[in-house]
Number of protein chains: 2
Amino acid sequence: MTTSAQSFAISDVAALTGLSTHTLRYYERAGLMLHPIDRSSTSQRQYSEADVAWVTFLTKLRSTAMPIARVRDYVELARRGEDTSAARLELLLIHRMNVVAQVEEMTRSLAAIDFKIATYQERITV
Amino acid sequence: MTTSAQSFAISDVAALTGLSTHTLRYYERAGLMLHPIDRSSTSQRQYSEADVAWVTFLTKLRSTAMPIARVRDYVELARRGEDTSAARLELLLIHRMNVVAQVEEMTRSLAAIDFKIATYQERITV
DNA sequence: ATTTGACTTAGAGTGCACTCGAAGTCTTAT
DNA sequence: ATAAGACTTCGAGTGCACTCTAAGTCAAAT
């Protein structure tokens, strides 16, 4: 349920990001959010649109195998303010290289799998 | 076909595949080898070239996130003989779809990371 | 008024894939 | 002859990232 003030309940964010509410709370505890999420009068989390955008980006980092601890490093830099932006850029550039390497390795493995598949298909169709 | 009968010590296979000797023994214990590896008179493992080729392919399956249990399923089919080759092909085709999906997701995430990188680079160069 | 369901916390448990330790045997090098 | 180093087995330990439990609060729905 969204309120008129453009905030999102934890279940909304779960639905939007594909994370479970457990995982969202875990991420916050683990220091992966840029700040503690706002609470309602009944102390329920109210995610802003910016919070949702951050969680979405965070899932991109995670889906490219950035460890939780590295995400936390990034967040801690971000919390220290504008003068860490060069360090954050460097962190992202290093991660980018890792991602490219991962995609390349996957692609090489895919070629090997395709080769094996081709031998099976030969055996069946011949 | 050459019958050079070349065999490899576990340390050789480790060097060739990038796996540790611990992991190679673990894989054998976990039922990921097509058969128990031959032993020397001093009961040390002697991997054949075919064994090394299998370990190499196995690392391709693992590097594309096929779970150990799925690799074991594949191996158990292979051990049951020729009449399981259609099932093995199907298993590989399903895995192939997963790999393609993974690469696509990684590529999408990479685009998001690149977008973020671009915003940092703007901020720095401006 | 009661039930349903979402939410809260701290902390424990799970599953995966290694990874290592202990205690021992055997081979090779000095 | 001694030491170094590779190997063996069984089983325990590790690290990561969740994932769930228990015990409780709160608010809307029936």
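Here is the naming used below: chain letters follow the sequence lines, and residue numbers restart at 1 for every chain.
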Compare all side-chain heavy atoms of A/Thr64 with those of B/Leu110 and state whether any distance is below 4.5 angstrom. no

A/Tyr27: what forms a ring-ring contact (aromatic ring centres under 6.0 Å, His included) with it, not counting sequence neighbours? none

Any chance you could lay out the side-chain hydrogen bond (donor to acceptor under 3.5 Å, both in side chains) test for A/Ser63 and B/Ser109, step after step, and finish with the verdict? CA-CA 7 Å; A/Ser63 74; B/Ser109 294; 2.7 Å; yes

Could you list by number each residue of residues 22-33 of chain A showing a heavy-atom separation from DNA chain D of less than 4.0 Å, or answer none if no residue does? A/His22, A/Thr23, A/Tyr26, A/Tyr27

With five pairs defining each end axis, the helix from C/dA1-D/dT30 to C/dT30-D/dA1 comes out bent, to 10°, by 0°

Would you say A/Arg62 and A/Ile68 make side-chain contact, with heavy atoms under 4.5 Å? yes

Would you jot down, in residue-number order, the residues of residues 56-71 of chain B having a non-hydrogen atom under 4.0 Å from DNA chain C? B/Arg62, B/Pro67, B/Ile68

Can you list everything that forms a side chain to side chain contact (heavy atoms under 4.5 Å, CB included) with A/Ala78? Sequence neighbours excluded, please. A/Leu34, A/Arg88

How would you list all residue pairs meeting side-chain hydrogen bond (donor to acceptor under 3.5 Å, both in side chains) that involve residues 97-108 of chain A, not counting sequence neighbours? none

Cluster overlap B/Phe115 with B/Tyr120, hydrophobic side-chain contacts below 4.5 Å: no

What are the 5'-most and 3'-most nucleotides of DNA chain C lying under 4.0 Å from any heavy atom of chain B? C/dA17 to C/dT27

Is the closest side-chain heavy-atom distance between A/Val55 and A/Met33 below 4.5 Å? yes

Could you list all the ring-ring contact (aromatic ring centres under 6.0 Å, His included) pairs where at least one residue sits in residues 66-93 of chain B, not counting sequence neighbours? B/Trp54-B/Tyr74

Would you classify B/Ser20 as touching base, sugar-phosphate or nothing, given that sugar-phosphate means primed atoms plus P, OP1 and OP2, and contacts are heavy atoms under 4.0 Å? nothing

In Å and rounded to the nearest 0.5 Å, what is the CG to CZ distance from A/Asp38 to A/Arg45? 11.5 Å

Among all residues two or more places apart in sequence or in another chain, which pass the side chain to side chain donor-acceptor pair (under 3.5 Å) test with A/Asp114? B/Arg96

If the condition is side chain to side chain donor-acceptor pair (under 3.5 Å), which residues does A/Ser48 pass it with, not counting sequence neighbours? A/Asp51

With the 4.5 Å side-chain cut-off for hydrophobic clustering, are A/Leu93 and A/Leu77 part of the same group? yes

With a 4.0 Å heavy-atom cut-off, tell me which residues in residues 37-45 of chain A come close to DNA chain C, sorted by residue number. A/Arg39, A/Ser43, A/Gln44, A/Arg45

For A/Glu90, is the CD atom crowded, meaning more than 12 foreign heavy atoms sit under 6.0 Å from it? no

Who are the side chain to side chain contact (heavy atoms under 4.5 Å, CB included) partners of B/Gln44, not counting sequence neighbours? B/Ser40, B/Thr42

